[in-house]
Amino acid sequence: MNCIFELTDLEYHYPNGPKALESISLRLMQGEKIALVGPNGAGKSTLLLMLNGMLRPDSGTVRYQGEPISYKRRDLMNLRKKVGYVFQNPDHQIIAPTVFQDVAFGPVNLDYTEEEITGSVDKALTYVGLPEFGRRPPHNLSGGEKKKVAMAGVLAMNPDVLVFDEPTSALDPDSARSIMDLLDELHHAGKSIIISTHDVELAYTWADRIILMNQGKVMICSRPADAFSDKGILAEARLSKPVLVELHDALYELGMVKSGKIPQSVLDIVGMLRMHHHCCCDCSPSGFIVLADADCLDEEVLKEIVHDEAVTIIGGMGTAAKYQAKKSGISLTYTHGVIDKCLLKAISGQNSLIITHGGMIKRVLSRVEEFNDESGNTVEIVTFEDYQHKKP
Ligand code: ADP
């Protein structure tokens with residue numbers, strides 16, 4: 001993995017304010033999903049603002065792709081094309097009278113042609129699931145929609161790295177899930193993603209790596225399972241253990257699971273319990289998962305499979321898949337945490353269909369393979385085409 005950001009000995013004091021960052025040295029790698037976690041005032045936002053040069057450290061260096069950031073106006077513009085920043089409060093980011101004009105702000109400033117502007121705005125709005133919102137005034141939108149418009153404004157410049165300050169703050173659970181699904185989709189499309197959050201549950205289940213901060217310092221930088229295992233540090237940072245870790249610890253103390261991998265999902269916990277209680281795969285035959293690529297789906301065939309009695313659960317992953325399902329009048333059983341939920345159904349003998357596209361297809365295949373390897377199950381995954389041909 002290449003290093004995208006290298007931060008060395010960063011120190012920062014707000015003018016007339018407190019010391020917000022102290023001795024920060026970190027390497028952030030390409031393609032990672034990183035969560036900065038910490039209580040309010042820990043310095044998360046300040047650190048994120050260093051990544052695209054909105055704040056300049058008092059001392060220390062921020063390197064992007066090996067080069068120290070230059071704070072000259074033109075260089076900063078170039079950096080911000082590659083490192084997109086979504087503010088915690090979309091009202092700080094959305095400024096234009098219509099959604100289209102707002103999303104076009106970046107491309108216009110980058111001197112795109114008219115055609116390029118329209119193309120990039122349409123693509124970005126479609127990506128976030130708001131293709132028909134161009135003429136709407138942003139101030140009439142819901143919190144979740146505003147957040148997506150702010151995201152579209154950043155995506156219209158096609159950055160390599162996306163930085164989100166508290167992506168789910170002030171959103172209802174459904175909007176928050178939909179934003180996190182979008183982040184996953186962007187990650188599967190090859191973007192590096194860095195978020196800040198004080199939500200340990202979200203960080204624990206979403207991130208590849210956790211950077212735990214408190215009082216302007218990095219306390220831990222490690223994989224989620226390790227980051228949340230030090231009770232002392234969590235107490236100092238006034239954070240609690242994720243529920244899955246608490247549950248695992250309690251089950252372990254009761255002798256109901258063996259120690260080993262700390263679970264990162266409900267499916268992991270269920271797998272551990274089944275293993276420990278010798279609930280073998282032979283006694284209950286697994287269901288199968290049909291995997292359909294939304295980018296090359298025949299609508300009529302899709303409808304046929306949806307009405308197939310053998311497949312009772314339908315999951316949609318990614319904006320294109322969800323849009324395709326809506327267009328075809330198909331109601332989705334799952335739109336979030338789809339792979340694990342379909343695997344849980346599979347081990348109880350039920351079959352499902354997952355509609356997805358792009359890089360997420362590989363993710364479904366690798367997650368099912370990883371699950372089969374770890375649990376000893378043999379959940380079969382068949383392509384949509386193979387399933388069609390297999391049917392009598
Ligand atoms: P977090 O994102 O973890 O909540 P911040 O980076 O916003 O933390 O804040 C770190 C510290 O810097 C806090 O003590 C906060 O009060 C202070 N701070 C943040 N922004 C400003 C500002 N614009 N002026 C002065 N102090 C600030």
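Positions are given from 1, in the same order as the sequence printed here. Both ligands and their constituent atoms are indexed starting at 1 by order of listing.
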For atom 8 (O) of ligand 1, the protein heavy atom that lies nearest, with its residue and separation: Gly43 N, 3.1 Å

Any Leu212 side-chain heavy atom under 4.5 Å of Leu234 side chain: yes

Lys191 atom NZ, neighbour heavy-atom count above 12 within 6.0 Å: yes

Which residue and heavy atom of the protein sit nearest atom 22 (C) of ligand 1, plus the separation: Tyr14 CD2, 3.4 Å

Ionic contact status for Asp184 with Arg363, cut-off 4.0 Å: no

Side chain, backbone, both or neither: Pro39 near ligand 1, heavy atoms under 4.0 Å: backbone

Under-4.0 Å heavy-atom contact with ligand 1, by part of Ser45 that carries it: both

His248 and Tyr252 aromatic ring geometry - parallel, tilted or perpendicular at 30°/60° bounds: parallel

Contact check, Gly38 vs ligand 1, heavy-atom distance below 4.0 Å: no

Gly41 N/O to ligand 1 N/O under 3.5 Å: yes

Atom 6 (O) of ligand 1 [closest protein heavy-atom partner, distance rounded to 0.1 Å]: Thr46 OG1, 2.5 Å

Leu251 side chain reached by Met272 side chain, heavy atoms, under 4.5 Å: no

N or O pair under 3.5 Å between Pro15 and ligand 1: no

Distance-only N or O hit between ligand 1 and Ala42, under 3.5 Å: yes

Ligand 1 N/O within reach of Asn40 N/O, cut-off under 3.5 Å: no

Ion pair Lys147/Asp172, N-O distance below 4.0 Å: no

Transitive ILVMFWY side-chain link Val218 to Ile194, under 4.5 Å: yes

Pro18 to ligand 1, any heavy atom closer than 4.0 Å: yes

Presence of salt bridge, Lys148 and Glu145, under 4.0 angstrom: no

